[in-house]
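Since the structure is predicted, the reported quantities are computational estimates derived from the model, not experimental observations. What you see below is based on every heavy atom in this structure, not just the backbone, and it leaves out hydrogens, waters and symmetry mates.
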Amino acid sequence: MSSDSKPEFEPGVLYVVLLHRGDNHSWHCALFLPGATINVALTDAEMPEQEAPEQETPEQETSEHETPEHGGLIFHCTNKNAEDRWTYEVTSPRALGLATRLVLGARLADLSLFGALDDVAESVEQVLRAVHVQPHAHRTMFNCRTWMLAGVAALDDVGFITCEDIDALERELITGAMFAAQKYKEDGSHMMITSRRCEDG
């Protein structure tokens, strides 16, 4: 476990990232694959989704913590759009303000074992795009966290990762984020953990 100011993201490794969105009790949840690029239109939203009780605009300028290792793809579900509907998106770390909003990063599995990273990313994107989204659901029934957990389960189903207990993973992430949130509140730093509930496929 690490609380350094610079995230230690390894290219080709899949992470869950929990991002600050205005309070210390809930976080925007997403999946992050560093170093990957695919031929899809990336969204460029700069704000947390509208489910947040308080919204803060992430830092727009390049911060001292932003490094090349923030390249890659973020897969998430958000309701920040004109229709106020839950929508699956692929976006960039910078668009979501990863450098300044990261509270917790959790390593799930090394996907580089499956071949060329961009080819793997294409396959991962196809799996995640098929994860069910409830466009008009209330956030108590469907939200970025429930989608992310369903995404992990879908990746487990096809063999990209091994994660037999999704509920235990959720508890692990919440516990880690609660500890990490205090550090973030104090000095803007984050924590990196390796999940004990998921491993390489």
Side-chain angles (χ1 to χ4, degrees), residues 14-33 40-58 73-93 95-98 101-109 124-158 160-182 184-185 190-191 193 195-198:
L14 183 68
Y15 296 86
V16 171
V17 290
L18 275 63
L19 307 179
H20 181 69
R21 62 180 187 189
D23 66 79
N24 292 314
H25 307 290
S26 63
W27 308 272
H28 181 60
C29 303
L31 294 169
F32 178 38
L33 186 57
V40 296
L42 300 185
T43 61
D44 58 0
E46 295 285 350
M47 290 284 288
E49 73 274 11
Q50 294 172 4
E51 72 176 85
E54 298 179 22
Q55 294 184 1
E56 291 187 355
T57 305
L73 299 170
I74 286 183
F75 310 93
H76 72 142
C77 198
T78 177
N79 65 352
K80 184 202 171 294
N81 50 60
E83 295 81 19
D84 192 25
R85 293 170 35 167
W86 291 105
T87 306
Y88 164 75
E89 291 183 348
V90 183
T91 190
S92 70
L96 282 190
L98 180 67
R101 293 177 60 205
L102 181 66
V103 175
L104 180 74
R107 184 190 193 280
L108 298 186
V124 167
E125 198 279 327
Q126 291 175 12
V127 172
L128 296 177
R129 182 171 294 276
V131 173
H132 181 61
V133 173
Q134 301 178 42
H136 302 290
H138 190 272
R139 64 185 180 89
T140 57
M141 301 298 295
F142 178 87
N143 51 56
C144 60
R145 185 178 77 251
T146 60
W147 179 89
M148 177 273 293
L149 293 169
V152 171
L155 293 172
D156 173 75
D157 286 344
V158 298
F160 273 122
I161 63 177
T162 299
C163 188
E164 296 181 355
D165 192 336
I166 299 298
D167 291 338
L169 172 64
E170 181 179 26
R171 292 192 296 270
E172 178 184 49
L173 293 171
I174 292 173
T175 299
M178 291 176 66
F179 282 104
Q182 186 61 38
Y184 185 92
K185 181 178 180 180
H190 65 277
M191 290 175 59
I193 66 172
S195 174
R196 295 178 296 172
R197 304 301 179 180
C198 295

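If you run side chain to side chain contact (heavy atoms under 4.5 Å, CB included) between His76 and each of Val90, Thr87, Val17, Leu96, only Leu96 comes through.
For the atom pair CG (Leu102) and CZ (Phe32), the distance works out to 9.0 Å, reported to the nearest 0.5 Å. Taking CG of Leu169 as the start and CG of Asp167 as the end, the distance is 9.5 Å to the nearest 0.5 Å. The distance from atom CD1 of Ile166 to atom CD of Glu172, rounded to the nearest 0.5 Å, is 11.0 Å. For the atom pair CE of Met148 and SG of Cys29, the computed distance is 4.5 Å after rounding to the nearest 0.5 Å. Here Glu89 contributes atom CD and Lys80 contributes atom NZ; the two are 8.5 Å apart, rounded to the nearest 0.5 Å. In this structure, Met178 CE and His25 NE2 are separated by 8.5 Å, a value rounded to the nearest 0.5 Å.
Using a 4.5 Å cut-off on side-chain heavy atoms (C-beta onward), Leu14 and Phe160 make no contact. Side-chain contact check for Arg197 versus Arg171: every heavy-atom pair is 4.5 Å or farther apart. You'll find the side chain of Val103 stays beyond 4.5 Å of the side chain of His190, heavy atoms only. Residues Leu19 and Trp27 are not in side-chain contact: their nearest non-hydrogen atoms beyond the backbone lie 4.5 Å or more apart. Under the 4.5 Å side-chain criterion, counting only non-hydrogen atoms from C-beta, Val124 is not in contact with Leu73. A heavy-atom distance below 4.5 Å is not found between the side chains of Leu33 and Tyr15. Taking 4.5 Å as the limit, some side-chain heavy atom of Val16 sits within range of a side-chain heavy atom of Leu31.
Using bins of under 30°, 30° to 60° and over 60° for the plane-to-plane angle, the ring pair Tyr88/Trp147 lands in the tilted bin.
Residues Gly176 and Leu104 come closest through the heavy atom pair C-CD2, 3.9 Å. The two residues Asn81 and Thr78 have their closest heavy-atom pair at ND2-O, 3.8 Å. Of all heavy-atom pairs spanning Gly151 and Val131, the tightest one is CA-CG2, 3.9 Å.
Side-chain atoms of Asp156 come within 3.5 Å of backbone atoms of Cys163 as a donor-acceptor pair (strictly under, hydrogens ignored). No side-chain donor-acceptor contact under 3.5 Å links Trp86 to the backbone of Cys77.
Between Tyr184 and His20, the ring centre distance stays below 6.0 Å.
If you check the side chains of Arg21 and Ser26, you find a donor sitting under 3.5 Å from an acceptor.
Under a cut-off of 6.0 angstrom, the local environment of CD in Gln134 is crowded, with over 12 non-hydrogen atoms contributed by other residues, nucleotides or ligands.
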